[in-house]
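Worth saying up front: this structure is predicted, and the values here are computed from it rather than measured.
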Amino acid sequence: MGNTFVATISIRAVLSMAFCLLLALATLCTSDENEFGKALDLVEEMDYPGAIEALEQVFQKTEISGTRGKQYYVMATCYRRLGRWAKAISYYQLALGEDEFMFADLARLHIATGYGNLHNYGTAIEWYETILTDHTGSSAAKEAQYQLGESYHKIEKYESAIQHYEKFIENYPEEERVREAAYKIGSAYEEVGQWADAYVL
């Protein structure tokens, strides 16, 4: 009987400890979500340094979060809005590494744009191309197609620029930048000395 009483006490103690652990985890997750909510409020107020500080607190407090990809994405967005492209790129890449992250197309687009703003057009082109390969039906694909033309134009690879501008016009004929793309095609033909082709469009 004594052994049974001890066993009962031990089981109760274990269950009590398990319950306390689950409660602590739940409280931790709730705290994490509350802190993330505060960061989002600060983003809405355009207080990006404040949002960054709030998110850093979230990252320090816990690694247990089903929304870590979104948190990285918001952190990257804050740095992007501040024009700190290298930091923005690093957090967008962290977001892409999360299994449940749902905005891979937009993260890739921002990474490509970031490299473009850092004048690293070769790497920007690589990221834009991944969007066209992996996210063909995404709204980001339209921007990627146009920006590929722009990127190749900036590094003076005019034939490639022409190809991507033409694909943009073909794929998105109702888009308002079609006339701009046509102008850029003409400009690219001028650069390679094909004057007749420059004035066909």
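Cation-pi geometry between Lys154 and Tyr121 is not met: the NZ or CZ atom fails to fall both under 6.0 Å from the ring centre and inside 45° of the normal.
Here the NE2-OG1 distance, from His135 to Thr133, works out to 9.5 Å after rounding to the nearest 0.5 Å. Taking CD1 of Ile162 as the reference point, atom CD of Glu191 lies at 10.0 Å (rounded to 0.5 Å). Atom CD of Glu126 is separated from atom OG of Ser151 by 11.5 Å, given to the nearest 0.5 angstrom. Annotation: the span from Lys184 atom NZ to Tyr158 atom OH amounts to 11.5 Å, rounded to 0.5 Å. One distance of note links CZ of Arg80 with OH of Tyr48; it measures 8.5 Å at 0.5 Å rounding. Rounded to the nearest 0.5 Å, atoms CG (Leu106) and CD1 (Ile111) are 11.0 Å apart.
Ser187 places no side-chain N or O within 3.5 Å of a backbone atom of Tyr183 that could act as its donor or acceptor partner. Side-chain atoms of Thr123 never come within 3.5 Å of backbone atoms of Asn120 as a donor-acceptor pair (strictly under, hydrogens ignored). Glu175 places a side-chain N or O within donor-acceptor distance of the main-chain N or O of Arg177, the cut-off being under 3.5 Å.
Between Glu98 and Lys70, no side-chain nitrogen of the basic residue sits less than 4.0 Å from a carboxylate oxygen of the acidic one, so the salt-bridge criterion is not met.
Nearest heavy-atom pair, Ala161 versus His153, reported as atom, atom and distance to 0.1 Å: CB-N, 3.6 Å. What you find for Ala141 and Leu132 is that their closest heavy atoms are O-CD2, 3.5 Å. Residue Leu148 comes nearest to Glu129 through the heavy atom pair CD2-CG, 3.8 Å, listed as atom of the first residue, atom of the second, then distance. In terms of heavy-atom proximity, Leu96 sits nearest to Ala107 at CD2-CB, 3.9 Å. The minimum heavy-atom distance linking Ala51 with Leu42 is given by the pair N-CD1, 3.7 Å. Contact detail for Ala112 and Ala124: the closest heavy-atom pair is O-CB, 3.3 Å.
Atom CD of Glu53 sits in a sparse spot, with 12 or fewer heavy atoms from other residues, nucleotides or ligands closer than 6.0 Å.
If you chain together hydrophobic residues whose side chains sit under 4.5 Å apart, Tyr128 and Ile169 never meet in one group. Linking Ile, Leu, Val, Met, Phe, Trp and Tyr whenever their side-chain heavy atoms come within less than 4.5 Å leaves Trp85 and Tyr79 in two separate clusters.
Looking at Tyr92 and Tyr72, their side chains never come closer than 4.5 Å, going by heavy atoms from C-beta outward. With contacts defined as side-chain heavy-atom distances shorter than 4.5 Å, the pair His110/Ile89 does not qualify. Residues Leu82 and Ile52 are in side-chain contact: their nearest non-hydrogen atoms beyond the backbone lie under 4.5 Å apart. Annotation: side chain of Thr113 is not in contact with side chain of Gln147 (no heavy-atom distance under 4.5 Å). For the pair Val43 and Thr77, the minimum side-chain heavy-atom distance is 4.5 Å or more. At a threshold of 4.5 Å between non-hydrogen side-chain atoms, the residues Thr136 and Ser138 do not count as touching.
Below 30°, between 30° and 60°, or above 60°: for Phe168 and Tyr172 the angle between ring planes is between 30° and 60°, a tilted geometry. The aromatic rings of Phe59 and Tyr91 sit parallel, their planes meeting at an angle under 30°, below the 60° perpendicular limit.
The closest side-chain donor-acceptor pair between Tyr146 and Glu180 falls under 3.5 angstrom. At a cut-off of 3.5 Å, with distance as the only test, a side-chain donor of Glu150 or Tyr165 sits close to an acceptor on the other residue.
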Check the pair Val58, Arg68 against side chain to side chain contact (heavy atoms under 4.5 Å, CB included), reporting the backbone distance first and the verdict last. CA-CA 10 Å; Val58 173; Arg68 187 46 51 96; 4.0 Å; yes
Audit row: Met75, Lys87, side chain to side chain contact (heavy atoms under 4.5 Å, CB included) steps and yes/no: CA-CA 9 Å; Met75 179 72 98; Lys87 291 288 285 186; over 6 Å; no
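Close placement of the Phe101 and Tyr73 rings is indicated, their centers lying within 6.0 Å of each other.
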